[in-house]
Enquirer: 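Would you mind keeping the following structure in view while I ask a few things?
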Amino acid sequence: MNRRQLIAISGLLVAVIAAFAYLQLNLAELSSARTATLLADYLARFWPINLGAAYWHQLGHATLETLAMSAVGTLAAALLAAVIALPAAGKLGPLAYLIARGGLNLLRAIPELVWALLMVLAAGLGPNAGTLALMLHTTGVLGRLFAEALENTPTTPAQALRHSGSSATQAFLYGTLPNLWPQWLAYSLYRWENNIRMASVLGFVGAGGLGQMLYVSLSLFQEANAASVMLCMLALVVAVDSFSRVLRLRWVIA
Amino acid sequence: MQLQLSGVGFTHADGHVALRELHLQVAQGEQIAIIGPSGAGKTSLLRLLGCQIKPSLGQFQLGTQQPWQHSPRALRALRSRIGLIHQQPPLPPKQRVITAVLAGRLGQWSLLHSLRNLLSPQDRQGAETALARLDLADKLFQRCDQLSGGQLQRVGIARVLYQQAELMLADEPVSAMDPHLAQHTLRSLCAAAAEQGSTLLASLHTVDLALALFPRIIGLRDGRIQFDLPAQAVSPEQLSALYANERLASPASTALNPLRIARC
């Protein structure tokens, strides 16, 4: 070990110690036996999970709500993004390009949670707000990805069709879209997977679904109920991941 | 479709002169092969005839009209009667062969019909007939990226046959095929053009094929028409003059690329 590395490592150590001191973390308490017991006690309260039929009925409803929120939000965002992608890829002139890119940047810059807070104020508590929030942010993300995929798609097939007398729209449908839509589908599926996780969190700000149930159960110290909710979240994420994997294998990779 | 060039020249944006002072008359239903060394301007000539590039000089008349005096709408209508066969057919890799062939008639279809045809092909019979002439009927539902270069070229030809273009312009249409298949394919193309009464111009690197299948031969060199003769009147001396120096200047490239040698 040379001198310079030695200085770097000791500097790093000093920084870590200083950070602990600044945050006033009680390391002694963190490593005490009492903390371990308390932690074990708290974790034990999550078991056994609540398997009551009435509660699971409620849970099933919330799961469907979360699924619907993410699916509708993503689908609407994909449709909007497909429309905005044309100007955002510069196909409709420089002015439309600037407006579309600016709009997409704005939508993307504001995170889903902030959109959800705004939408809860605008549209009231519940899944409407969550769906709108997901749609707005995802439109920003997908619009940009779609536009970049469109820019990178070869133009010769569409050009050749134009030279044989087809209109710009027809040339896009037959010359550009066949190469483009598998990429668009792949991006949409990926965002859907993200959104299903996000949809479970949006409930914390009152936007419906499983998140809202988790927030309520944790706030009321009903850990058994919370465990059931988390189990549902896990199942939902796994289900959507494998569903989109099947779609990807069928349409994107093949 | 008949066409006429008088004193036509074309200069690229970078100043390179591709075509000079061309005079040419083609009657309805004629079949012409364009031969000449690489860089002679064969592709530029075909693109000019296909109304893709505007002549920098002279007069170009297609049918009874001058295409570059048309409104964009009328130019589009005119282009839908022109079929282009490319050396590397620009077909989307993920598109099915049937859709690629049916796209030939997009210029004649309404947007609604194009959309319906995209969702489910509306004229399977028509696509199958066009492909069958080129022995590709069994590839109807394959995707374009599953085909070889020669098969793709034949799909491109089938698209123009389905289009029933009145003017067919083929740029090295059989360059990716073996000699036997190339001859068979060109023969089918010529026969189909004759049946439809279409005018056919094809640029070819294989002189023997051009002389055997086309009644009229145009020799192009340095953007000028070197000769324009019936096939049987083309002499070996004229051919060696047409390709002179080219083989001397770059013997390595001809040896490396046997499919593109001037003489076969």
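Computed from a predicted structure; not experimentally measured. Below, chains carry the letters A, B, ... as their sequence lines are ordered, and counting in each starts from 1.
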Enquirer: What part of A/Pro182 gets within 4.5 angstrom of chain B, counting heavy atoms only: side chain, backbone, both, or neither?
Expert: side chain

Enquirer: Considering only heavy atoms, which portion of B/Gln108 lies under 4.5 Å from any heavy atom of chain A: side chain, backbone, both, or neither?
Expert: neither

Enquirer: Counting only heavy atoms from other residues, nucleotides and ligands, does the tally under 6.0 Å from CZ of B/Arg116 exceed 12?
Expert: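 Atom CZ in B/Arg116 is packed in, count exceeds 12.
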
Enquirer: Check A/Gly175 against B/Pro92 and note the closest heavy-atom contact, atom names and distance.
Expert: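 Heavy-atom minimum between the residues: O-CG, 3.6 Å.
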
Enquirer: Is B/Arg159 in contact with chain A via its backbone, its side chain, both, or neither, using a 4.5 Å heavy-atom distance?
Expert: side chain

Enquirer: Other residues, nucleotides and ligands only: do more than 12 of their heavy atoms fall within 6.0 Å of CZ on A/Phe243?
Expert: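 Not more than 12 within 6.0 Å, no.
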
Enquirer: Give the member of B/Asn117, B/Leu91, B/Leu115, B/Leu78 that has the highest number of heavy-atom pairs under 4.5 Å with chain A.
Expert: B/Asn117

Enquirer: Flag yes if more than 12 heavy atoms outside B/Gln146 fall under 6.0 Å of its CD atom; otherwise flag no.
Expert: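 It does: B/Gln146 CD has more than 12 such atoms within range.
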
Enquirer: Above 12 or not: heavy atoms from other molecules or residues under 6.0 Å from OH of A/Tyr215?
Expert: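 No, the 6.0 Å shell around OH holds no more than 12 heavy atoms from other groups.
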
Enquirer: A/Leu173 vs B/Leu111, test: side chain to side chain contact (heavy atoms under 4.5 Å, CB included). Steps then yes/no.
Expert: CA-CA 10 Å; A/Leu173 290 174; B/Leu111 184 58; 4.1 Å; yes

Enquirer: Hey, mind stepping through A/Leu177 and B/Lys94 against side chain to side chain contact (heavy atoms under 4.5 Å, CB included) and telling me if it holds?
Expert: CA-CA 10 Å; A/Leu177 205 58; B/Lys94 306 239 177 200; over 6 Å; no

Enquirer: Under 6.0 Å from the CZ atom of A/Phe172, do we count more than 12 heavy atoms belonging to anything else shown?
Expert: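 Result for CZ/A/Phe172: enclosed.
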
Enquirer: Looking at B/His12, I want to see if its NE2 is surrounded by more than 12 non-hydrogen atoms of other residues, nucleotides or ligands under 6.0 Å.
Expert: yes

Enquirer: Heavy atoms, side chains only, cut-off 4.5 Å: are B/Leu118 and A/Gln170 in contact?
Expert: no

Enquirer: For the CG atom of A/Leu161 and the OG atom of B/Ser80, what is their distance to the nearest 0.5 Å?
Expert: 12.5 Å

Enquirer: As an exercise, state the distance from NE2 of A/His163 to CG of B/Leu169, rounded to the nearest 0.5 Å.
Expert: 12.0 Å

Enquirer: If you measure from CZ on B/Arg73 to OG on A/Ser167, what distance do you get to the nearest 0.5 Å?
Expert: 10.5 Å

Enquirer: Can you check side chain to side chain contact (heavy atoms under 4.5 Å, CB included) on A/Ser164 and B/Leu84, steps first, answer last?
Expert: CA-CA 7 Å; A/Ser164 291; B/Leu84 306 153; 4.0 Å; yes

Enquirer: Is there a donor-acceptor pair closer than 3.5 Å between any side-chain N or O of A/Tyr174 and the backbone N or O of B/Leu102?
Expert: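 No, the answer is negative, given that no donor and acceptor are paired below the 3.5 Å cut-off.
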
Enquirer: Below 4.5 Å from any heavy atom of chain A, which atoms of B/Ile82 appear? Answer side chain, backbone, both or neither.
Expert: backbone

Enquirer: Hey, is the main chain of A/Gly165 close enough, under 3.5 Å, to the side chain of B/Arg76 for a donor-acceptor pair?
Expert: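 Checked: pair present.
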
